[in-house]
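In what follows, chains are A, B, ... by sequence order, proteins preceding strands, each numbered from 1.
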Amino acid sequence: MDLKISNTFSREKEILRPIDPEHVRLYVCGPTVYDYAHIGNARPAVVFDVLVRVLRRLFPRVTYVSNITDIEDKIIDRAKESGESIVSLTNRTAQIYREDMAAIGVLPPDVEPRATHHVPQMIALMEVLIAKGHAYVAEGHVLFAVPSMPEYGQLSRRDRDEMIAGARVEVAPYKKDPADFVLWKPSDADTPGWDSPWGRGRPGWHIECSAMAAEHLGETFDIHGGGLDLVFPHHENEIAQSRCAFGTGFMARYWMHNGFVVVEGEKMSKSLGNFYTVHELLEEWPGEVIRLLLLSAHYRAPLDFTKAGLREAKAQLDRLYQALELAKDVPTVQPHLELRNQERAMVGIDHPQAYYVAEALCDDLNTPLAISRLHSLASRLNKTQKEDKPSLKRTLLQGAELLGLLQSTPDAWFRGELDNIKPIEIERLIAARANARKAKNFAEADRIRDALKAKGIELEDGPAGTTCKRS
RNA sequence: GGCCCCGUGGCAGAGUGGUUAUGCAGAGGACUGCAAAUCCUUGUACAUCGGUUCGAUUCCGGUCGGGGCCUCCA
(Lines give C-alpha, C1' and ligand atoms only; values in the text may rest on other atoms or scores of the structure.)
Protein backbone atom coordinates (compact mmCIF):
# COMPACT_ATOMS: atom_id res chain seq x y z
CA MET A 1 0.00 0.00 0.00
CA ASP A 2 1.36 3.42 -0.91
CA LEU A 3 1.47 6.19 1.63
CA LYS A 4 0.42 9.53 0.20
CA ILE A 5 1.39 12.71 2.00
CA SER A 6 0.87 16.38 1.31
CA ASN A 7 4.23 17.88 0.62
CA THR A 8 4.40 21.55 1.56
CA PHE A 9 7.36 21.94 -0.74
CA SER A 10 5.45 20.94 -3.89
CA ARG A 11 2.00 21.83 -2.50
CA GLU A 12 0.87 18.48 -3.80
CA LYS A 13 -0.10 15.12 -2.43
CA GLU A 14 2.69 12.72 -3.29
CA ILE A 15 3.44 9.05 -2.80
CA LEU A 16 6.20 8.64 -0.25
CA ARG A 17 9.25 7.16 -1.92
CA PRO A 18 12.06 6.99 0.64
CA ILE A 19 15.61 7.72 -0.42
CA ASP A 20 16.46 4.32 1.05
CA PRO A 21 13.40 2.07 0.70
CA GLU A 22 14.71 -0.02 3.56
CA HIS A 23 15.04 2.88 5.97
CA VAL A 24 12.74 5.89 6.34
CA ARG A 25 14.23 8.85 8.17
CA LEU A 26 12.22 11.73 9.56
CA TYR A 27 12.77 14.76 11.73
CA VAL A 28 10.10 16.73 13.56
CA CYS A 29 10.70 20.01 15.33
CA GLY A 30 10.01 19.51 19.02
CA PRO A 31 9.23 21.92 21.83
CA THR A 32 11.23 24.65 23.47
CA VAL A 33 11.15 23.62 27.10
CA TYR A 34 10.53 26.27 29.71
CA ASP A 35 6.94 25.62 30.78
CA TYR A 36 4.17 23.04 30.64
CA ALA A 37 3.41 21.87 27.11
CA HIS A 38 0.18 23.32 25.80
CA ILE A 39 -2.31 21.62 23.58
CA GLY A 40 -0.74 23.24 20.54
CA ASN A 41 2.53 21.46 21.31
CA ALA A 42 0.65 18.20 21.60
CA ARG A 43 -0.88 18.25 18.13
CA PRO A 44 2.35 17.75 16.10
CA ALA A 45 3.54 15.19 18.65
CA VAL A 46 0.35 13.15 18.20
CA VAL A 47 0.06 13.65 14.43
CA PHE A 48 3.62 12.60 13.72
CA ASP A 49 3.30 9.76 16.20
CA VAL A 50 0.50 8.40 14.00
CA LEU A 51 2.66 8.93 10.92
CA VAL A 52 5.49 6.96 12.51
CA ARG A 53 3.12 4.16 13.51
CA VAL A 54 1.99 3.91 9.89
CA LEU A 55 5.55 4.09 8.58
CA ARG A 56 6.61 1.27 10.87
CA ARG A 57 3.94 -0.95 9.37
CA LEU A 58 4.98 -0.07 5.83
CA PHE A 59 8.75 -0.01 5.97
CA PRO A 60 11.35 -2.31 7.50
CA ARG A 61 13.15 0.42 9.41
CA VAL A 62 12.20 3.91 10.55
CA THR A 63 14.31 6.43 12.41
CA TYR A 64 12.28 9.15 14.02
CA VAL A 65 14.16 12.12 15.43
CA SER A 66 12.42 14.86 17.38
CA ASN A 67 14.46 17.44 19.21
CA ILE A 68 14.13 19.33 22.43
CA THR A 69 15.24 22.94 22.30
CA ASP A 70 16.88 23.72 25.59
CA ILE A 71 18.68 26.94 24.79
CA GLU A 72 16.68 29.92 23.68
CA ASP A 73 16.08 33.44 24.89
CA LYS A 74 12.67 32.61 26.34
CA ILE A 75 14.28 29.96 28.50
CA ILE A 76 16.93 32.41 29.63
CA ASP A 77 14.28 35.00 30.48
CA ARG A 78 12.17 32.50 32.40
CA ALA A 79 15.15 31.29 34.39
CA LYS A 80 16.08 34.86 35.30
CA GLU A 81 12.53 35.60 36.45
CA SER A 82 12.10 32.49 38.54
CA GLY A 83 15.62 32.10 39.83
CA GLU A 84 15.68 28.46 38.74
CA SER A 85 18.82 27.42 36.94
CA ILE A 86 18.52 26.86 33.23
CA VAL A 87 19.62 23.25 33.52
CA SER A 88 17.05 22.57 36.20
CA LEU A 89 14.30 24.39 34.31
CA THR A 90 14.90 22.61 31.02
CA ASN A 91 15.40 19.17 32.58
CA ARG A 92 12.28 19.53 34.66
CA THR A 93 10.01 20.79 31.86
CA ALA A 94 11.45 18.31 29.35
CA GLN A 95 10.59 15.51 31.75
CA ILE A 96 7.05 16.85 32.18
CA TYR A 97 6.76 17.05 28.40
CA ARG A 98 7.80 13.40 28.03
CA GLU A 99 5.36 12.28 30.69
CA ASP A 100 2.49 14.29 29.25
CA MET A 101 3.13 13.03 25.74
CA ALA A 102 3.31 9.46 27.01
CA ALA A 103 -0.03 10.00 28.73
CA ILE A 104 -1.65 10.89 25.42
CA GLY A 105 -0.21 7.82 23.76
CA VAL A 106 2.80 9.34 22.04
CA LEU A 107 5.59 6.81 21.69
CA PRO A 108 9.05 8.27 22.34
CA PRO A 109 11.05 9.17 19.23
CA ASP A 110 14.04 7.00 18.44
CA VAL A 111 16.31 9.94 19.11
CA GLU A 112 15.44 13.00 21.16
CA PRO A 113 18.44 15.25 20.71
CA ARG A 114 18.95 18.36 22.78
CA ALA A 115 20.34 21.55 21.32
CA THR A 116 22.88 22.07 24.09
CA HIS A 117 24.43 18.69 23.33
CA HIS A 118 25.11 19.70 19.73
CA VAL A 119 26.91 23.01 20.00
CA PRO A 120 30.16 21.65 18.49
CA GLN A 121 28.21 20.37 15.48
CA MET A 122 26.57 23.77 15.08
CA ILE A 123 29.91 25.52 15.23
CA ALA A 124 31.32 23.12 12.62
CA LEU A 125 28.35 23.82 10.39
CA MET A 126 28.84 27.57 10.67
CA GLU A 127 32.53 27.26 9.90
CA VAL A 128 31.68 25.46 6.69
CA LEU A 129 29.07 28.06 5.79
CA ILE A 130 31.58 30.87 6.36
CA ALA A 131 34.23 29.06 4.35
CA LYS A 132 31.83 28.62 1.46
CA GLY A 133 30.79 32.24 1.51
CA HIS A 134 27.25 31.58 2.75
CA ALA A 135 27.79 33.18 6.14
CA TYR A 136 29.81 36.04 7.61
CA VAL A 137 30.85 37.41 10.96
CA ALA A 138 29.73 40.82 12.17
CA GLU A 139 30.00 42.32 15.65
CA GLY A 140 30.26 38.94 17.35
CA HIS A 141 27.37 37.53 15.33
CA VAL A 142 27.47 34.95 12.62
CA LEU A 143 24.89 35.64 9.96
CA PHE A 144 23.62 33.65 7.05
CA ALA A 145 23.97 35.57 3.81
CA VAL A 146 20.62 35.05 2.13
CA PRO A 147 21.66 36.56 -1.24
CA SER A 148 24.31 33.82 -1.46
CA MET A 149 21.55 31.30 -2.08
CA PRO A 150 19.51 32.04 -5.19
CA GLU A 151 16.91 29.38 -4.38
CA TYR A 152 16.19 30.81 -0.94
CA GLY A 153 12.42 31.03 -0.34
CA GLN A 154 11.33 27.97 -2.31
CA LEU A 155 9.53 26.29 0.56
CA SER A 156 7.45 29.28 1.61
CA ARG A 157 7.28 30.65 -1.91
CA ARG A 158 8.21 34.16 -1.16
CA ASP A 159 10.95 36.18 -2.68
CA ARG A 160 13.50 38.25 -0.87
CA ASP A 161 12.01 41.63 -1.72
CA GLU A 162 8.62 40.66 -0.40
CA MET A 163 10.09 39.48 2.84
CA ILE A 164 11.94 42.69 3.32
CA ALA A 165 8.91 44.76 2.42
CA GLY A 166 6.77 42.85 4.88
CA ALA A 167 9.27 42.74 7.72
CA ARG A 168 7.83 44.09 10.93
CA VAL A 169 11.10 44.18 12.74
CA GLU A 170 13.81 46.77 12.33
CA VAL A 171 16.78 45.48 10.44
CA ALA A 172 19.84 45.14 12.64
CA PRO A 173 22.64 47.45 11.48
CA TYR A 174 25.23 44.70 11.27
CA LYS A 175 23.30 42.79 8.59
CA LYS A 176 24.71 43.06 5.10
CA ASP A 177 21.32 42.28 3.67
CA PRO A 178 18.01 42.87 5.42
CA ALA A 179 16.97 39.24 4.83
CA ASP A 180 20.06 37.78 6.51
CA PHE A 181 19.38 35.82 9.67
CA VAL A 182 21.38 35.09 12.77
CA LEU A 183 23.22 31.80 13.22
CA TRP A 184 25.16 32.75 16.32
CA LYS A 185 24.89 35.65 18.70
CA PRO A 186 27.18 36.93 21.44
CA SER A 187 26.36 36.33 25.10
CA ASP A 188 27.20 38.80 27.83
CA ALA A 189 28.65 37.76 31.18
CA ASP A 190 25.39 36.67 32.82
CA THR A 191 23.88 35.01 29.75
CA PRO A 192 24.67 31.39 29.00
CA GLY A 193 27.19 30.89 26.25
CA TRP A 194 29.75 28.62 24.66
CA ASP A 195 33.22 29.44 23.45
CA SER A 196 33.44 29.67 19.70
CA PRO A 197 35.79 31.00 17.04
CA TRP A 198 33.70 34.19 17.18
CA GLY A 199 33.80 34.61 20.93
CA ARG A 200 31.51 33.47 23.66
CA GLY A 201 27.95 33.19 22.44
CA ARG A 202 24.92 31.06 21.79
CA PRO A 203 23.18 29.64 18.75
CA GLY A 204 20.35 31.25 16.85
CA TRP A 205 17.15 29.35 16.61
CA HIS A 206 17.49 27.66 13.22
CA ILE A 207 21.01 26.27 13.22
CA GLU A 208 20.31 23.68 15.91
CA CYS A 209 17.87 21.73 13.76
CA SER A 210 20.23 21.64 10.80
CA ALA A 211 22.99 20.36 13.06
CA MET A 212 20.87 17.78 14.87
CA ALA A 213 19.16 16.47 11.75
CA ALA A 214 22.51 16.00 10.04
CA GLU A 215 24.02 14.36 13.10
CA HIS A 216 21.25 11.79 13.50
CA LEU A 217 19.80 11.38 10.02
CA GLY A 218 22.47 12.51 7.59
CA GLU A 219 22.84 15.41 5.19
CA THR A 220 19.58 14.56 3.45
CA PHE A 221 16.62 12.58 4.68
CA ASP A 222 13.00 11.82 3.86
CA ILE A 223 10.49 13.76 5.90
CA HIS A 224 10.71 16.94 7.91
CA GLY A 225 7.69 17.95 9.96
CA GLY A 226 6.41 20.59 12.31
CA GLY A 227 3.73 23.20 12.83
CA LEU A 228 2.49 25.32 9.97
CA ASP A 229 4.02 28.39 11.57
CA LEU A 230 7.48 26.92 11.13
CA VAL A 231 7.35 27.00 7.33
CA PHE A 232 8.73 30.48 7.46
CA PRO A 233 11.24 31.35 8.66
CA HIS A 234 12.37 28.29 10.57
CA HIS A 235 12.21 25.59 7.93
CA GLU A 236 13.15 27.92 5.13
CA ASN A 237 16.29 28.80 7.06
CA GLU A 238 17.03 25.20 7.93
CA ILE A 239 16.96 24.38 4.25
CA ALA A 240 19.30 27.26 3.48
CA GLN A 241 21.77 26.21 6.18
CA SER A 242 21.80 22.51 5.39
CA ARG A 243 21.79 22.73 1.63
CA CYS A 244 24.51 25.38 1.50
CA ALA A 245 26.69 23.62 4.07
CA PHE A 246 26.44 20.19 2.48
CA GLY A 247 26.05 21.23 -1.14
CA THR A 248 22.92 19.15 -1.59
CA GLY A 249 19.91 19.81 -3.80
CA PHE A 250 17.49 19.35 -0.94
CA MET A 251 17.41 18.88 2.81
CA ALA A 252 14.32 16.70 3.15
CA ARG A 253 12.25 15.28 0.30
CA TYR A 254 8.92 15.81 1.98
CA TRP A 255 7.82 18.64 4.25
CA MET A 256 4.74 18.13 6.36
CA HIS A 257 3.03 20.78 8.46
CA ASN A 258 0.18 20.48 10.90
CA GLY A 259 -2.45 23.20 11.28
CA PHE A 260 -3.02 25.28 14.36
CA VAL A 261 -5.03 24.51 17.43
CA VAL A 262 -7.55 27.14 18.43
CA VAL A 263 -9.24 27.03 21.79
CA GLU A 264 -12.98 27.47 22.18
CA GLY A 265 -13.06 29.22 18.82
CA GLU A 266 -10.37 31.73 19.64
CA LYS A 267 -6.76 31.84 18.69
CA MET A 268 -4.74 30.47 21.53
CA SER A 269 -2.58 33.08 23.09
CA LYS A 270 -0.70 33.49 26.29
CA SER A 271 -1.93 37.03 26.77
CA LEU A 272 -5.57 35.94 26.53
CA GLY A 273 -4.76 33.11 28.91
CA ASN A 274 -6.96 30.81 26.85
CA PHE A 275 -4.50 28.01 26.37
CA TYR A 276 -4.90 24.56 27.88
CA THR A 277 -1.84 22.74 29.07
CA VAL A 278 -1.77 19.02 28.52
CA HIS A 279 -0.94 18.66 32.17
CA GLU A 280 -4.12 20.31 33.43
CA LEU A 281 -6.30 18.52 30.88
CA LEU A 282 -4.93 15.20 32.08
CA GLU A 283 -6.19 15.92 35.58
CA GLU A 284 -9.72 15.84 34.24
CA TRP A 285 -9.63 13.65 31.14
CA PRO A 286 -8.08 10.35 30.13
CA GLY A 287 -5.14 10.80 27.77
CA GLU A 288 -6.94 8.91 25.01
CA VAL A 289 -9.76 11.44 25.06
CA ILE A 290 -7.31 14.27 24.44
CA ARG A 291 -5.62 12.21 21.75
CA LEU A 292 -8.86 11.36 19.97
CA LEU A 293 -9.91 14.99 19.91
CA LEU A 294 -6.54 15.98 18.45
CA LEU A 295 -6.99 13.37 15.71
CA SER A 296 -10.63 14.18 15.00
CA ALA A 297 -9.78 16.80 12.40
CA HIS A 298 -7.41 16.35 9.49
CA TYR A 299 -3.90 17.32 10.58
CA ARG A 300 -3.55 20.17 8.11
CA ALA A 301 -6.86 21.76 9.05
CA PRO A 302 -7.26 24.06 12.02
CA LEU A 303 -8.51 22.26 15.12
CA ASP A 304 -10.90 23.88 17.56
CA PHE A 305 -10.10 22.34 20.92
CA THR A 306 -13.15 22.68 23.17
CA LYS A 307 -14.57 21.19 26.33
CA ALA A 308 -17.59 20.12 24.30
CA GLY A 309 -15.20 18.36 21.95
CA LEU A 310 -13.60 16.56 24.89
CA ARG A 311 -17.01 15.38 26.04
CA GLU A 312 -17.78 14.04 22.61
CA ALA A 313 -14.39 12.36 22.30
CA LYS A 314 -15.08 10.68 25.63
CA ALA A 315 -18.49 9.51 24.38
CA GLN A 316 -16.90 8.11 21.23
CA LEU A 317 -14.31 6.18 23.20
CA ASP A 318 -17.01 4.86 25.52
CA ARG A 319 -18.77 3.50 22.46
CA LEU A 320 -15.64 1.87 21.06
CA TYR A 321 -14.65 0.35 24.38
CA GLN A 322 -18.23 -0.81 24.85
CA ALA A 323 -17.94 -2.79 21.64
CA LEU A 324 -14.78 -4.39 22.98
CA GLU A 325 -16.47 -5.07 26.29
CA LEU A 326 -19.36 -6.80 24.57
CA ALA A 327 -16.81 -8.86 22.62
CA LYS A 328 -14.51 -9.50 25.54
CA ASP A 329 -14.91 -13.25 25.29
CA VAL A 330 -14.26 -13.27 21.57
CA PRO A 331 -10.84 -14.75 20.96
CA THR A 332 -8.39 -12.87 18.83
CA VAL A 333 -4.77 -13.36 18.01
CA GLN A 334 -2.42 -10.94 19.66
CA PRO A 335 -2.39 -7.86 17.43
CA HIS A 336 1.24 -7.21 18.23
CA LEU A 337 2.37 -10.60 17.07
CA GLU A 338 0.32 -10.26 13.95
CA LEU A 339 1.82 -6.91 13.05
CA ARG A 340 5.27 -8.24 12.28
CA ASN A 341 3.97 -10.54 9.59
CA GLN A 342 1.81 -7.87 8.09
CA GLU A 343 4.60 -5.43 7.51
CA ARG A 344 5.43 -7.09 4.24
CA ALA A 345 1.85 -7.94 3.44
CA MET A 346 0.90 -4.29 3.17
CA VAL A 347 1.85 -4.44 -0.46
CA GLY A 348 -0.54 -6.57 -2.44
CA ILE A 349 -3.73 -6.57 -0.45
CA ASP A 350 -5.54 -9.85 -0.47
CA HIS A 351 -7.57 -9.20 2.62
CA PRO A 352 -9.08 -5.71 2.28
CA GLN A 353 -10.79 -5.68 5.64
CA ALA A 354 -7.49 -5.94 7.44
CA TYR A 355 -6.41 -2.66 5.89
CA TYR A 356 -9.68 -0.83 6.32
CA VAL A 357 -8.21 1.66 8.79
CA ALA A 358 -4.66 1.69 7.42
CA GLU A 359 -6.01 2.59 4.01
CA ALA A 360 -7.57 5.77 5.37
CA LEU A 361 -4.34 6.73 7.08
CA CYS A 362 -2.33 6.04 3.96
CA ASP A 363 -4.25 8.82 2.23
CA ASP A 364 -2.38 11.71 3.80
CA LEU A 365 -3.17 10.59 7.34
CA ASN A 366 -6.93 10.91 7.06
CA THR A 367 -7.49 10.35 10.76
CA PRO A 368 -11.17 11.46 10.79
CA LEU A 369 -11.96 8.86 8.15
CA ALA A 370 -9.90 6.28 10.03
CA ILE A 371 -11.83 7.02 13.22
CA SER A 372 -15.14 6.71 11.38
CA ARG A 373 -14.00 3.30 10.20
CA LEU A 374 -13.26 2.33 13.77
CA HIS A 375 -16.88 3.16 14.54
CA SER A 376 -18.06 1.22 11.57
CA LEU A 377 -16.07 -1.82 12.72
CA ALA A 378 -17.47 -1.43 16.22
CA SER A 379 -21.02 -1.38 14.84
CA ARG A 380 -20.44 -4.50 12.83
CA LEU A 381 -18.83 -6.19 15.81
CA ASN A 382 -21.85 -5.29 17.96
CA LYS A 383 -24.28 -6.60 15.38
CA THR A 384 -22.82 -9.76 14.02
CA GLN A 385 -23.45 -13.10 15.66
CA LYS A 386 -21.36 -14.92 13.14
CA GLU A 387 -17.92 -16.34 12.87
CA ASP A 388 -16.51 -13.02 11.61
CA LYS A 389 -16.48 -11.66 15.16
CA PRO A 390 -12.81 -12.53 15.83
CA SER A 391 -11.60 -10.96 12.62
CA LEU A 392 -13.68 -7.84 13.18
CA LYS A 393 -12.34 -7.50 16.68
CA ARG A 394 -8.80 -7.98 15.48
CA THR A 395 -9.25 -5.43 12.69
CA LEU A 396 -10.65 -2.94 15.17
CA LEU A 397 -7.76 -3.41 17.57
CA GLN A 398 -5.11 -3.26 14.87
CA GLY A 399 -6.65 -0.19 13.29
CA ALA A 400 -6.90 1.51 16.64
CA GLU A 401 -3.29 0.70 17.37
CA LEU A 402 -2.23 2.63 14.28
CA LEU A 403 -4.04 5.62 15.74
CA GLY A 404 -2.69 4.93 19.22
CA LEU A 405 -6.24 4.45 20.47
CA LEU A 406 -7.97 1.66 22.42
CA GLN A 407 -4.65 0.97 24.09
CA SER A 408 -6.36 0.19 27.36
CA THR A 409 -8.75 -2.64 28.19
CA PRO A 410 -12.51 -2.14 28.53
CA ASP A 411 -12.12 -3.19 32.12
CA ALA A 412 -9.55 -0.52 32.87
CA TRP A 413 -11.39 2.05 30.79
CA PHE A 414 -14.75 1.61 32.50
CA ARG A 415 -13.69 0.50 35.94
CA GLY A 416 -10.14 1.68 36.52
CA GLU A 417 -9.29 4.11 39.28
CA LEU A 418 -12.45 3.81 41.31
CA ASP A 419 -10.72 5.27 44.31
CA ASN A 420 -13.67 6.49 46.36
CA ILE A 421 -15.13 3.02 46.86
CA LYS A 422 -13.66 -0.46 47.13
CA PRO A 423 -14.50 -3.00 44.40
CA ILE A 424 -15.63 -5.47 47.03
CA GLU A 425 -18.10 -2.93 48.35
CA ILE A 426 -19.54 -2.50 44.87
CA GLU A 427 -19.84 -6.27 44.57
CA ARG A 428 -21.70 -6.38 47.88
CA LEU A 429 -24.15 -3.67 46.77
CA ILE A 430 -24.73 -5.33 43.39
CA ALA A 431 -25.54 -8.58 45.20
CA ALA A 432 -27.89 -6.80 47.60
CA ARG A 433 -29.60 -5.13 44.68
CA ALA A 434 -29.93 -8.46 42.85
CA ASN A 435 -31.75 -9.85 45.88
CA ALA A 436 -34.03 -6.83 46.03
CA ARG A 437 -34.85 -7.20 42.34
CA LYS A 438 -35.57 -10.87 42.80
CA ALA A 439 -38.01 -9.95 45.55
CA LYS A 440 -39.52 -7.31 43.24
CA ASN A 441 -38.43 -4.66 45.70
CA PHE A 442 -37.61 -2.22 42.91
CA ALA A 443 -37.61 0.80 45.20
CA GLU A 444 -34.67 -0.65 47.11
CA ALA A 445 -32.98 -1.75 43.88
CA ASP A 446 -33.24 1.74 42.44
CA ARG A 447 -32.05 3.27 45.70
CA ILE A 448 -28.87 1.22 45.53
CA ARG A 449 -28.35 2.09 41.88
CA ASP A 450 -28.86 5.79 42.57
CA ALA A 451 -26.54 5.69 45.56
CA LEU A 452 -23.77 4.21 43.43
CA LYS A 453 -24.44 6.66 40.64
CA ALA A 454 -23.91 9.47 43.12
CA LYS A 455 -20.44 8.04 43.66
CA GLY A 456 -19.77 8.00 39.93
CA ILE A 457 -20.61 4.38 39.32
CA GLU A 458 -23.30 3.36 36.89
CA LEU A 459 -24.89 -0.06 36.91
CA GLU A 460 -26.09 -1.81 33.80
CA ASP A 461 -28.27 -4.92 33.88
CA GLY A 462 -27.43 -7.20 31.02
CA PRO A 463 -28.39 -10.77 30.10
CA ALA A 464 -25.26 -12.02 31.85
CA GLY A 465 -25.87 -10.08 35.03
CA THR A 466 -25.12 -6.60 36.30
CA THR A 467 -21.97 -4.75 35.36
CA CYS A 468 -20.66 -1.44 36.58
CA LYS A 469 -18.89 1.48 34.96
CA ARG A 470 -17.48 4.68 36.25
CA SER A 471 -19.28 7.61 34.74
C1' G B 1 0.43 45.07 0.39
C1' G B 2 2.60 39.78 -0.72
C1' C B 3 1.87 34.40 -0.05
C1' C B 4 -1.63 30.62 1.55
C1' C B 5 -5.98 28.12 3.61
C1' C B 6 -11.13 27.54 4.68
C1' G B 7 -16.83 28.19 4.35
C1' U B 8 -20.83 20.71 4.51
C1' G B 9 -27.16 18.93 8.21
C1' G B 10 -28.34 21.30 15.81
C1' C B 11 -22.73 20.32 16.80
C1' A B 12 -18.00 17.97 15.36
C1' G B 13 -16.13 16.41 10.80
C1' A B 14 -14.74 13.17 6.09
C1' G B 15 -15.66 12.69 1.05
C1' U B 16 -17.37 12.63 -3.99
C1' G B 17 -18.84 15.08 -11.14
C1' G B 18 -24.61 11.31 -10.86
C1' U B 19 -25.37 6.24 -5.47
C1' U B 20 -25.76 5.96 3.10
C1' A B 21 -19.84 9.27 5.37
C1' U B 22 -19.10 8.61 10.55
C1' G B 23 -19.79 10.22 15.57
C1' C B 24 -22.32 13.34 19.28
C1' A B 25 -26.95 15.53 20.40
C1' G B 26 -32.58 15.06 19.13
C1' A B 27 -37.15 12.03 17.80
C1' G B 28 -39.74 7.16 17.39
C1' G B 29 -39.36 1.83 18.13
C1' A B 30 -37.25 -3.20 20.00
C1' C B 31 -35.16 -5.07 24.54
C1' U B 32 -35.62 -3.88 30.14
C1' G B 33 -39.43 -4.05 36.43
C1' C B 34 -37.55 1.01 35.25
C1' A B 35 -32.99 2.43 33.35
C1' A B 36 -28.26 1.91 30.95
C1' A B 37 -25.87 -0.42 27.01
C1' U B 38 -27.01 -2.52 22.24
C1' C B 39 -29.98 -2.91 17.81
C1' C B 40 -33.74 -0.79 14.16
C1' U B 41 -35.97 3.73 12.03
C1' U B 42 -35.50 9.03 11.45
C1' G B 43 -33.80 14.44 9.91
C1' U B 44 -35.01 20.01 3.08
C1' A B 45 -26.36 19.32 4.47
C1' C B 46 -22.90 21.05 1.22
C1' A B 47 -21.82 30.34 1.85
C1' U B 48 -23.42 33.12 -2.59
C1' C B 49 -23.63 34.45 -7.93
C1' G B 50 -22.30 33.02 -12.70
C1' G B 51 -19.76 29.39 -16.12
C1' U B 52 -18.38 24.32 -18.02
C1' U B 53 -21.45 19.69 -18.18
C1' C B 54 -26.67 15.37 -19.93
C1' G B 55 -25.82 16.26 -14.64
C1' A B 56 -21.88 20.11 -9.62
C1' U B 57 -21.78 20.16 -2.91
C1' U B 58 -17.57 18.17 -5.93
C1' C B 59 -14.28 21.52 -11.77
C1' C B 60 -13.51 27.09 -13.35
C1' G B 61 -14.32 32.43 -12.34
C1' G B 62 -16.47 36.49 -9.45
C1' U B 63 -18.69 38.04 -4.70
C1' C B 64 -19.35 37.77 0.54
C1' G B 65 -17.53 35.79 5.12
C1' G B 66 -13.67 33.57 8.34
C1' G B 67 -8.55 32.33 9.31
C1' G B 68 -3.06 31.82 8.97
C1' C B 69 2.13 33.36 7.72
C1' C B 70 5.32 37.67 6.34
C1' U B 71 12.03 36.64 10.95
C1' C B 72 8.69 35.12 19.34
C1' C B 73 5.39 30.77 18.31
C1' A B 74 3.66 23.57 17.44
Looking at [options], which one has an atom nearest to any side-chain atom of [X]?
X         : options                : result
Arg157(A) : C3(B), U71(B), A74(B)  : C3(B)
Trp205(A) : C73(B), C69(B), G23(B) : C73(B)
Ala301(A) : G33(B), A14(B), C69(B) : A14(B)
Phe260(A) : C34(B), G68(B), C40(B) : G68(B)
Lys383(A) : U71(B), A74(B), C40(B) : C40(B)

Inter-nucleotide [atom1] distance ([N], [M]), Å rounded:
N      : M      : atom1 : answer
U42(B) : G10(B) : C1'   : 15 Å
C69(B) : A25(B) : C1'   : 36 Å
U8(B)  : U20(B) : C1'   : 16 Å
G9(B)  : U44(B) : P     : 13 Å
G13(B) : A21(B) : C1'   : 10 Å
G7(B)  : G15(B) : C1'   : 16 Å
A36(B) : C31(B) : P     : 15 Å
C40(B) : A47(B) : P     : 31 Å

Return yes if the base of [N] and the side-chain atoms of [X] contain a donor-acceptor N/O pair under 3.5 Å, otherwise no.
X         : N      : answer
Arg433(A) : G33(B) : yes
Arg449(A) : A36(B) : no
Asp446(A) : G33(B) : yes
Gln316(A) : G23(B) : no

Within the 4.0 Å heavy-atom criterion, would you say [X] contacts the bases, only the backbone, or no part of the nucleic acid?
X         : value
Asp461(A) : base
Ile39(A)  : nothing
Lys440(A) : nothing
His257(A) : nothing
Ser376(A) : nothing
Val182(A) : nothing
Gly40(A)  : base

* Quick one: does NZ or CZ of Lys307(A) land under 6.0 Å from the six-membered ring centre of Tyr276(A), within 45 degrees of the ring axis? -> yes
* **Cation-pi, Tyr34(A) ring and Lys74(A) (6.0 angstrom, 45 degrees)** => no
* Do NZ/NE/NH1/NH2 and the carboxylate oxygens of Arg92(A) and Asp35(A) come within less than 4.0 Å? -> no
* Asked: Cut-off 3.5 Å, side chains only: do His206(A) and Gln241(A) have a donor facing an acceptor?
  -> no
Let me know the distance between [atom1] of [X] and [atom2] of [N], rounded to the nearest Å.
X         : N      : atom1 : atom2 : answer
Tyr174(A) : U71(B) : OH    : P     : 15 Å
Gln322(A) : A36(B) : CD    : C1'   : 9 Å
Asp229(A) : C70(B) : CG    : P     : 8 Å
Tyr97(A)  : A74(B) : OH    : P     : 10 Å
Tyr299(A) : C6(B)  : OH    : P     : 13 Å
Glu312(A) : G10(B) : CD    : C1'   : 12 Å
Arg300(A) : G15(B) : CZ    : C1'   : 14 Å
Asp73(A)  : U71(B) : CG    : P     : 17 Å

With a cut-off of less than 4.0 Å, is there a side-chain N or O of [X] near OP1 or OP2 of [N]?
X         : N      : answer
Asn366(A) : G15(B) : yes
Asn258(A) : A74(B) : no
Arg319(A) : G23(B) : yes

* Within the 6.0 Å centroid threshold, strictly below: His216(A) and His118(A) -> yes
Which word best sums up how the rings of [X] and [Y] line up, parallel for under 30°, tilted for 30 to 60°, or perpendicular for over 60°?
X         : Y         : answer
Phe221(A) : Tyr27(A)  : tilted
His234(A) : Trp205(A) : parallel
His257(A) : His235(A) : tilted

* Asked: Taking for each residue the nucleotide of RNA chain B bearing the nearest heavy atom, is the 5' side occupied by Cys29(A) or by Pro233(A)?
  -> Pro233(A)
* With both distances under 3.5 Å as the test, what is the Watson-Crick or G-U wobble partner of A14(B)? -> none
* Asked: Is the count of non-hydrogen atoms from other residues, nucleotides or ligands lying under 6.0 Å from Lys176(A) atom NZ greater than 12?
  -> no
* Over 12 non-hydrogen atoms of neighbours within 6.0 angstrom of NZ in Lys4(A) -> no
* **Contacting residues from residues 367-375 of chain A, given that a heavy atom lies under 4.0 angstrom of RNA chain B** => Pro368(A), Leu369(A), Ser372(A), His375(A)
